Amino acid sequence: MSLFDLTGKRVLVTGGTHGLGMAMAEGLAGAGAELIINGTTPSKMQQALDHYKRKGYKVSGHIFDITNEKAAAQYVEKIEKEGQIDILINNAGIIKREQAIDMPVESFRQVIDVDLVGAFIMSQLVARKMIKRKAGKIINICSMMSELGRNSVSAYAAAKGGLKMLTRNLATEWAKYNIQVNGIGPGYFATSQTEPIRIDGHPFNEFIINRTPAGRWGNPEDLAGTAVFLSSKASDFVNGQIIYVDGGILATIGKPSNE
Ligand code: GCO
Ligand code: CA
């Protein structure tokens with residue numbers, strides 16, 4: 001289907017060495033895209049590149065910190081010398097689970113810096129290229145915490161709520177250049193980030209399964225279709241939307257644990 005075809009498109013995925021970033025990258029590569037992966041850990045990058053290459057995907061990797069605007073600018077220049085970035089997926093993120101009352105300000109700042117400021121830095125750098133070409137797709141990876149609070153994740157919720165509004169604002173400013181800025185809000189997915197709260201028998205694990213109308217954790221592959229849609233021609237008139245891929249969590253108030 002040519003509407004969703006990504007042949008010849010180059011996508012930069014931040015934090016694409018594992019988890020949801022990797023699953024989305026694979027979805028896009030399956031639709032024909034060439035992968036450019038950013039990460040911060042050389043050993044993880046090597047493993048990821050081996051994985052992508054084993055699957056036969058065209059891929060390159062770049063180690064840099066998205067919160068360092070000078071380094072990020074140098075890498076965007078370097079990548080663009082090899083070919084244009086058609087799609088940017090702002091996926092890199094961190095979480096700190098800590099009661100707000102005790103959270104060191106420095107930890108709060110660090111989460112905002114990676115999850116929100118990093119996405120701004122990368123979007124600005126890449127959009128400067130996209131504006132000249134009058135074409136581009138930017139996808140910000142939001143969260144349930146773009147809409148809902150939860151005990152112990154104040155900085156993460158503040159950052160992801162901010163990322164939702166950054167998405168709308170960048171869409172407002174850049175739609176006229178034929179750049180579509182949208183977001184994906186994953187529900188609760190089985191990744192390394194949720195490993196500490198996904199243990200069988202752990203009350204949080206039971207809670208999430210009960211709270212999700214679909215009755216299960218998301219599998220990373222569940223995100224691929226939405227990522228392809230927002231990267232392709234099929235979404236050329238979709239601007240500033242957050243698509244929640246959450247098994248129905250945000251559609252419902254939930255139910256008692258005995259139902
Ligand atoms: C948590 C989880 C979440 C998920 C996801 C939900 O502690 O509540 O880790 O933050 O990772 O972002 O959309
Ligand atoms: Ca990373």
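In each ligand, atom 1 is the first atom listed, and ligand 1 is the first ligand listed. Quick caveat, the model's predicted, so the values are computed rather than measured.
For Phe207, the ring pair (Phe, Tyr, Trp, His ring centres under 6.0 Å) test picks out Phe204, with sequence neighbours left out. Residues passing the side chain to side chain donor-acceptor pair (under 3.5 Å) test with Ser143, sequence neighbours excluded: none. Partners of Trp174 according to the ring pair (Phe, Tyr, Trp, His ring centres under 6.0 Å) rule, which considers only residues two or more places apart in sequence or in another chain, do not exist here.
In terms of heavy atoms, Gly39 sits closest to Met45 at N-CE, 3.5 Å.
Contacts of ligand 1 (protein heavy-atom distance under 4.0 Å) are Ile95, Arg97, Ser143, Met144, Met145, Arg150, Val153, Tyr156, Pro186, Gly187, Tyr188, Gln193, Thr194, Ile197.
Side-chain N/O atoms of Ser231 and Lys9 include no donor and acceptor closer than 3.5 Å.
Taken to the nearest 0.5 Å, the OG1 atom of Thr226 stands 13.0 Å off from the OH atom of Tyr244.
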